[in-house]
Structures are given as C-alpha cells and as structure tokens.
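Structure first, commentary second.
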Amino acid sequence: MRLFLSFLALGVGFSGGTSLAQTAAERQACMPDYEKYCTGVAPGGGRIIACLAKQLDKLSPECRKVVETHAPK
C-alpha cells in the first residue's frame with residue numbers, strides 16, 4: 001500500500017508534460033485493483049498507471065474511471 005501511495009504522491013508525468021495530482025478518493029478507488037494486479041510494479045514513470053491500464057477490463061468501475069482519466073492517451 002505504501003508503494004502505491006508513494007507513486008501517487010510523486011506525481012507521475014504523462015504526455016503533454018502534465019503531472020498526476022490524484023485525490024485521496026482516486027487513490028482509494030484503485031487500491032484494491034493495484035494490490036490485485038500491480039503490486040510488483042515499481043513506482044515512477046507512469047508504470048503503475050500503465051499496469052492498471054493493461055488490466056482495464058478487470059478493474060472496478062471506480063478505478064477504471066480514474067485510469068481512463070489519467071492514463072496516457
């Protein structure tokens with residue numbers, strides 16, 4: 001869990017030079033999916049959001065919305 005939160009706190013860079021500023025609600029929405037599908041992924045460089053994006057069809061509806069909002073297009 002700490003690893004996931006640290007990735008979010010770092011502000012992951014995305015295309016266009018924008019940075020991720022997720023809310024506590026967004027982190028909470030994706031925590032179960034992160035723990036299920038991406039716990040071995042190192043934070044930084046957009047790796048966790050990319051991992052979650054690869055599992056998009058398996059994610060909870062709440063996390064899917066977060067990933068679709070923040071994943072690189």
Side-chain angles (χ1 to χ4, degrees):
M1 182 168 139
R2 188 177 285 288
L3 182 67
F4 179 69
L5 295 176
S6 65
F7 119 83
L8 293 171
L10 290 173
V12 181
F14 292 106
S15 60
T18 61
S19 66
L20 178 62
Q22 290 184 319
T23 65
E26 289 174 320
R27 288 189 297 271
Q28 195 67 9
C30 286
M31 184 61 66
D33 293 308
Y34 162 75
E35 291 174 345
K36 187 172 184 177
Y37 302 113
C38 301
T39 53
V41 177
R47 288 184 288 270
I48 293 177
I49 202 81
C51 174
L52 289 171
K54 289 178 185 177
Q55 304 295 329
L56 197 60
D57 60 324
K58 299 176 187 174
L59 300 179
S60 66
E62 297 83 8
C63 185
R64 185 178 308 124
K65 183 177 177 182
V66 171
V67 171
E68 288 173 339
T69 299
H70 294 290
K73 309 275 187 261

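Remember, it's a predicted structure, so these values are computed and weren't measured experimentally.
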SG of Cys30 to CD of Glu35: how many Å apart, nearest 0.5 Å? 11.5 Å

Atom CD1 in Ile49, atom OG1 in Thr69: separation rounded to 0.5 Å? 9.0 Å

Any donor-acceptor N/O pair, Arg47 side chain to Pro43 backbone, under 3.5 Å: yes

Count I, L, V, M, F, W, Y as connected when their side-chain heavy atoms are under 4.5 Å apart, and connections chain through other members. Are Tyr37 and Val66 then in the same cluster? no

One should read off an interatomic distance between Arg64 CZ and Leu52 CG, to the nearest 0.5 angstrom, of 12.0 Å

Show, in sequence, the C-alpha distance, side-chain angles and deciding distance for Gln55 and Lys36, and conclude whether the side chain to side chain contact (heavy atoms under 4.5 Å, CB included) test is met. CA-CA 10 Å; Gln55 304 295 329; Lys36 187 172 184 177; over 6 Å; no

How many angstroms lie between atom CG of Leu56 and atom CD of Glu68, to the nearest 0.5 angstrom? 5.0 Å

Of all heavy-atom pairs between Ala29 and Ser60, which one has the smallest distance, and what is that distance? O-OG, 3.7 Å

Would you name the heavy atoms of Cys38 and Ile48 that are closest together and state the gap between them? SG-O, 4.5 Å

